[in-house]
Enquirer: 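First, the structure itself, so that you have it in front of you.
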Amino acid sequence: MASSHRSSPVPQGSSSDVFFKKEVDPAKHARPVQSLPDVCPKEPTGDSNSLCVAPSLVTDQHRWTVYHSKVNLPAALNDPTLAKRESDFFTKTWGLDFVDTEVIPSFYLPQISKEHFIAYQQEISQREKIHERCKNICPPKDTFDRTLLHIHDKSRTDLEQVPKIFMKPDFALDDPLTFNSVLPWSHFNTAGGKGNRDAASSKLLQEKLSHYLDIVEVNIAHQISLRSEAFFHAMTSQHELQDYLKKTSQAVKMLRQKIAQIDKVMCEGSLHILRLALTRNNCVKVYNKLKLMATVHQTQPTVQVLLSTSEFVGALDLIATTQEVLQQELQGVHSFRHLGSQLCELEKLIDKMMIAEFSTYSHSDLNRPLDGECQVLEEERLVSLIFGLLKQRKLNFLEIYGEEMIITAKNIIKERVINKVSQIEEIDTDVVVKLADQMRMLNFPQWIDLLKDIFSKFTVFLQRVKATLNVIHSVVLSVLDKNQRTRELEEISQQRNAAKDNSLDSEVAYLTHEGLFISDAFGEGELAPAAADTTSQRNTSPNSEPCSSDSVSEPECTDSSSSKEQTSASATPGAIDALVSEDMRLTDLELGKLASSIQELLCSASDMCHDRAVKFLMSRAKDGFLEKLNSTEFITLSRLMETFIMDTEQICGRKSTSLLGALQSQANKFVNRFHEERRTKLSLLLDNERWKQADVPAEFQDLVDSIADGKIALPEKKTVATEERKPAEVLVVEGHQYAVVGTVLLLIRIILEYCQCVDNIPSVTTDMLTRLTDLLKYFNSRSCQLVLGAGALQVVGLKTITTKNLALSSRCLQLIVHYIPVIRAHFEARLPPKQWSMLRHFDHITKDYHDHIAEISAKLVAIMDSLFDKLLSKYEVKAPVPSPCFRNICKQMTKMHEAIFDLLPEEQTRMLFLRINASYKLHLKKQLSHLNVINDGGPQNGLVTADVAFYTGNLQALKGLKDLDLNMAEIWEQKR
């Protein structure tokens with residue numbers, strides 16, 4: 001579109017412009033493309049092409065270029081295809097259907113009118129006039145003709161005759177190589193017969209150089225002739241230029257004078273004040289910097305003073321502050337170039353000193369006299385040490401404390417044993433050298449006193465360890481809490497800043513949308529408080545250093561320095577809150593692990609005390625001392641150990657198992673020995689038992705009475721008056737009389753010993769239950785062997801097992817059965833619910849005892865049954881009445897009644913005689929059937945009736961059998 005509507009060139013002001021007169025035929029004359037005119041064209045170098053191509057102010061200043069184009073953009077963008085000329089160039093691209101819409105002028109841009117270009121036109125018009133005048137003075141020349149080109153070619157050929165060395169930019173004859181090349185020495189050598197020839201050569205060289213000079217001068221004159229017009233124009237304008245320079249010089253001089261006056265009157269004083277203020281500020285900064293350097297210079301002596309008073313935290317804080325100042329404000333100071341490394345070495349030395357100090361503190365704390373005081377030794381010193389160690393991440397101090405605890409625990413036992421042995425005069429320490437052997441020579445009361453003393457010292461020791469570890473734990477928790485609170489504050493600050501930024505962005509967006517400038521929205525009154533807040537925040541920031549480069553006044557620096565000194569002085573062992581404010585390098589995870597390690601260390605201290613106590617017990621048990629203890633002594637030992645276990649559990653919050661395991665092991669041995677002794681004792685009693693009714697001493701009756709009161713325990717020994725009571729014939733239990741043998745009385749006492757042992761040693765409840773059930777089973781089986789099995793005939797030497805022996809054995813079993821539920825309830829109350837299944841053993845034992853009692857009753861019935869069978873088999877129905885058979889039967893029945901009535905309860909006696917009577921009727925019926933005696937009212941019937949009446953009357957006459965229903969009519973067979 002631009003090519004189709006190209007406008008014609010604008011005519012120039014001069015009619016002599018050759019370029020517009022005649023167009024050169026390109027076929028006849030090929031003119032090279034020339035560049036824009038140059039004010040200072042280059043000098044010719046002998047190249048004819050360069051002479052043609054080089055621009056010239058004289059020849060090319062009126063040539064038409066693209067810069068002369070004055071075609072407007074709408075004319076260049078017109079679409080010739082449209083019938084109607086449109087002013088909008090978007091129509092071509094967007095089609096004929098494009099609808100013009102009125103463009104609303106932007107309120108961001110001002111309305112432009114011709115008045116806006118008036119100043120520009122006035123400024124440019126003067127320059128345009130000067131430009132037109134220059135074009136008239138120096139009209140442009142047309143292209144070089146062939147003659148000029150020929151002259152240029154000839155000049156270039158002539159210049160090629162001149163050696164290239166003369167054309168070099170660094171040509172200098174003072175260079176020996178250049179001089180020898182231009183003037184060879186061979187032309188100046190006059191020695192020998194070659195003088196004439198050398199003179200000729202010198203002349204020839206002189207002529208050649210003169211020729212070169214002529215060529216150069218001719219070319220220079222030619223170049224001057226080419227630029228003669230410009231040269232003469234420059235000469236003519238030289239006077240005008242001098243006038244212009246003179247006026248300019250005068251104007252500059254006047255301007256300088258005015259500027260000097262303005263500077264002297266208005267600026268010099270103000271600038272001097274500003275320079276003085278700047279100088280004062282710089283002096284204050286230098287003073288503050290020197291003061292800070294003096295303070296830093298005193299760091300090492302101050303650290304030494306703090307270390308002499310064991311204020312490690314203050315020393316570390318001072319070192320950290322000094323290193324921060326060296327890195328931020330005193331960086332590059334040559335005099336402090338070695339101070340940083342010296343402070344690092346000093347910090348390492350402080351680490352070693354703190355570890356050594358903590359080791360010394362641990363030794364002093366744990367080895368002070370165990371007099372019952374549980375206060376922390378020098379708590380402030382401990383707090384300072386812990387903070388210093390935490391600050392330096394030296395977390396192995398707990399290992400040091402643990403090692404010191406082990407040594408102290410060993411020394412406690414050793415000191416207590418030495419102290420106890422030294423008080424016993426019977427022990428000769430010269431003869432018995434080893435401390436363990438001296439300890440084994442103590443009797444039980446002495447040894448139990450020693451053990452009690454050791455346990456008490458261990459308890460005090462653990463209480464002190466707990467108090468110390470509680471202080472350490474509180475320090476760790478304080479640091480952890482401080483870290484969490486700092487993190488929460490940072491999160492809150494970030495949220496506030498984010499909210500503030502969002503509100504500021506929204507306000508800025510609103511202002512921009514309204515077309516206002518952002519700077520207009522913030523007045524000076526709003527920006528000043530913001531700057532003040534920023535300054536105050538920077539000054540109050542914990543990371544800012546006093547006497548910084550921003551400080552401008554001496555009082556401010558002094559206050560900052562004093563505040564820093566107060567901060568360093570406040571970092572002394574004392575209040576924990578003051579020390580928590582210091583920056584710690586530990587993470588929350590490390591602090592949490594350290595807190596857990598502190599609790600584990602307390603538990604390990606308890607375990608260690610238990611382990612040392614176990615070793616002490618085992619060293620005493622080497623000669624079987626603990627296994628030889630009686631029940632009372634072992635119970636005393638067990639209670640003492642259980643008390644110590646409970647005390648340590650209360651202190652540490654966890655039960656240690658080593659001493660408890662040792663106690664359980666010794667308890668198991670004690671239970672085995674306890675049971676074996678009682679079983680052996682019961683076995684001896686049964687083997688020597690003659691199964692006769694024994695008298696019941698008063699102490700056994702009291703024992704039974706105490707059980708009836710609900711107290712299953714051995715009663716205390718009564719006074720002498722109580723012991724003088726006469727023994728009773730029977731044992732009264734809850735109103736019932738029990739005729740028993742001596743073995744059963746002792747068995748009841750043994751059973752109570754088992755129950756009391758369970759109360760004294762709860763850990764052996766299950767073992768005691770198993771052993772007790774075994775003892776009861778043994779008594780049942782062994783008594784069955786001796787009585788029912790007639791083993792007593794061989795063991796004791798009894799002639800026979802009488803009905804009285806059987807009845808006495810049955811009554812003893814009934815007494816044991818009466819106490820089995822009481823024993824069961826006692827063990828049930830002391831067993832955990834998951835072990836209640838073991839109580840079924842008592843049900844089995846009760847069944848066995850009932851079966852045994854039933855067998856004894858059956859044995860008594862069998863004895864009478866054999867007697868009836870023997871006597872009634874010889875019965876004859878004849879006079880006299882009663883017959884001798886019935887007399888004998890009644891006699892035996894009376895003996896049976898006399899034997900068992902005082903032993904067995906009345907109801908049991910009645911039931912037993914009913915069973916005997918049933919056996920009697922059976923045998924009598926059988927005999928009458930054999931004799932063919934029937935109930936026909938005959939003589940034989942009368943005789944039998946009389947004998948039966950005698951039997952019935954005799955039996956009912958016995959004590960307790962008066963109302964016994966014998967039902968003798970069953971002896972007769974039913975009539976067919």
Side-chain angles (χ1 to χ4, degrees), residues 631 634-635 638-639 642 660-661 663-683 686 700 703-715 731 733-734 736 738 740 743-784 809-856:
S631 301
F634 186 81
I635 289 171
S638 176
R639 288 180 176 176
E642 290 177 352
L660 187 62
L663 176 60
Q664 188 65 38
S665 176
Q666 292 298 325
N668 293 335
K669 294 180 181 179
F670 169 74
V671 168
N672 292 332
R673 182 173 57 82
F674 181 87
H675 177 65
E676 291 299 328
E677 289 178 356
R678 270 96 187 136
R679 183 186 174 94
T680 302
K681 183 178 181 180
L682 181 60
S683 177
L686 289 174
F700 285 97
L703 184 64
V704 172
D705 294 340
S706 65
I707 298 175
D709 295 337
K711 181 180 179 182
I712 302 180
L714 295 176
L731 185 66
V733 179
E734 298 180 359
H736 299 283
Y738 287 88
V740 293
T743 302
V744 174
L745 294 175
L746 295 175
L747 177 60
I748 293 175
R749 185 179 182 87
I750 290 173
I751 292 173
L752 293 182
E753 289 177 353
Y754 275 82
C755 294
Q756 187 175 11
C757 187
V758 169
D759 291 336
N760 296 329
I761 312 176
S763 61
V764 299
T765 302
T766 55
D767 292 338
M768 279 296 181
L769 189 147
T770 305
R771 302 302 194 280
L772 181 57
T773 55
D774 178 69
L775 187 70
L776 294 175
K777 290 179 181 179
Y778 176 75
F779 174 76
N780 185 33
S781 61
R782 186 59 178 163
S783 61
C784 182
S809 175
S810 176
R811 195 58 174 160
C812 291
L813 294 174
Q814 291 175 11
L815 178 61
I816 300 301
V817 170
H818 173 78
Y819 281 115
I820 286 178
V822 180
I823 299 170
R824 176 192 173 99
H826 181 80
F827 276 90
E828 184 177 2
R830 287 152 183 81
L831 279 176
K834 62 180 180 180
Q835 294 181 344
W836 282 353
S837 60
M838 298 181 64
L839 298 174
R840 69 181 184 276
H841 295 298
F842 290 108
D843 299 333
H844 299 161
I845 293 173
T846 302
K847 183 178 180 301
D848 294 340
Y849 272 69
H850 282 301
D851 293 342
H852 190 184
I853 294 171
E855 290 177 3
I856 293 175

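In this chain, numbering begins with 1 at the start of the sequence shown.
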Enquirer: Tell me, which pairs form a salt bridge (charged side-chain N to carboxylate O under 4.0 Å, His left out) where one or both residues lie in residues 663-675, sequence neighbours left out?
Expert: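 The answer is Glu627-Lys669, Arg673-Glu677.
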Enquirer: Who passes side-chain contact (heavy atoms from CB on, under 4.5 Å) against Thr846, sequence neighbours left out?
Expert: Val817, Ile820, His850
Enquirer: As an exercise, state the distance from CD1 of Ile761 to CD of Gln756, rounded to the nearest 0.5 Å.
Expert: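 Here the interatomic distance stands at 10.5 Å.
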Enquirer: Are any non-hydrogen side-chain atoms of Ile856 and His852 less than 4.5 angstrom apart?
Expert: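 Heavy-atom side-chain distance check passes, below 4.5 Å.
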Enquirer: Can you list everything that forms a side-chain contact (heavy atoms from CB on, under 4.5 Å) with Asn668? Sequence neighbours excluded, please.
Expert: Gln664, Asp767
Enquirer: CZ/Arg639 to CD1/Ile635 distance, rounded to the nearest 0.5 angstrom?
Expert: 6.0 Å
Enquirer: Which atom pairs, one a donor and one an acceptor, fall under 3.5 Å between side chains of residues 825-832 and the rest of the protein, sequence neighbours left out?
Expert:
residue : atom : partner : partner atom : Å
His826  : ND1  : Arg830  : NH1          : 3.3
His826  : NE2  : Cys755  : O            : 3.2
His826  : NE2  : Asp759  : OD1          : 3.4
Arg830  : NE   : Asp759  : OD1          : 2.3
Arg830  : NH1  : His826  : O            : 2.9
Arg830  : NH2  : Asp759  : OD1          : 3.1

Enquirer: Please enumerate all residues that pass side chain to side chain donor-acceptor pair (under 3.5 Å) together with Ser783, with sequence neighbours excluded.
Expert: none
Enquirer: Which of these passes side chain to side chain contact (heavy atoms under 4.5 Å, CB included) with Arg771: Glu676, His675, Arg679?
Expert: His675
Enquirer: Report yes or no: does Tyr849 contribute a side-chain atom to a donor-acceptor pair with the main-chain N or O of Leu776 at less than 3.5 Å?
Expert: yes
Enquirer: Holding to salt bridge (charged side-chain N to carboxylate O under 4.0 Å, His left out), I want the full list of residues that pass it with Lys847, two or more places apart in sequence or in another chain.
Expert: Asp851
Enquirer: Could you tell me which residues satisfy side chain to side chain donor-acceptor pair (under 3.5 Å) with Asp843, sequence neighbours excluded, listed by chain and number?
Expert: Arg824
Enquirer: Can you list the residues that meet the side-chain contact (heavy atoms from CB on, under 4.5 Å) rule with His844, with sequence neighbours excluded?
Expert: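 His844 satisfies side-chain contact (heavy atoms from CB on, under 4.5 Å) with Arg840 only.
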Enquirer: Can you list everything that forms a salt bridge (charged side-chain N to carboxylate O under 4.0 Å, His left out) with Glu753? Sequence neighbours excluded, please.
Expert: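 With sequence neighbours excluded, Glu753 shows a salt bridge (charged side-chain N to carboxylate O under 4.0 Å, His left out) to Arg678, given in chain and number order.
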Enquirer: Rounded to the nearest 0.5 Å, what separates atom CG in Leu731 from atom CG in Leu815?
Expert: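 The distance works out to 6.0 Å.
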Enquirer: For Phe634, enumerate each residue passing the ring pair (Phe, Tyr, Trp, His ring centres under 6.0 Å) test, keeping only those at least two apart in sequence or located in another chain.
Expert: Phe670
Enquirer: Leu686: what forms a side-chain contact (heavy atoms from CB on, under 4.5 Å) with it, not counting sequence neighbours?
Expert: Leu682, Trp691, Thr743, Tyr778, Phe779, Arg782, Leu786
Enquirer: Nearest 0.5 angstrom please: Tyr754 OH to Ile823 CD1, how far?
Expert: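 One finds 11.5 Å between OH of Tyr754 and CD1 of Ile823.
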Enquirer: Given side chains that start at C-beta, do those of Leu769 and Thr773 come closer than 4.5 Å, heavy atoms only?
Expert: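 Answer yes - side chains close enough.
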Enquirer: Not counting sequence neighbours, which residues clear side chain to side chain donor-acceptor pair (under 3.5 Å) with His841? List them please.
Expert: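 Residues passing side chain to side chain donor-acceptor pair (under 3.5 Å) with His841: none at all.
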Enquirer: Hey, does Tyr819 have a side-chain heavy atom less than 4.5 Å from the side chain of Ile751?
Expert: no
Enquirer: Within this structure, what is the CG-OH distance for the pair Leu745 and Tyr738, rounded to the nearest 0.5 Å?
Expert: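 It comes to 13.5 Å.
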Enquirer: State the CD1-CD distance between Ile853 and Gln814, to the nearest 0.5 angstrom.
Expert: 4.5 Å
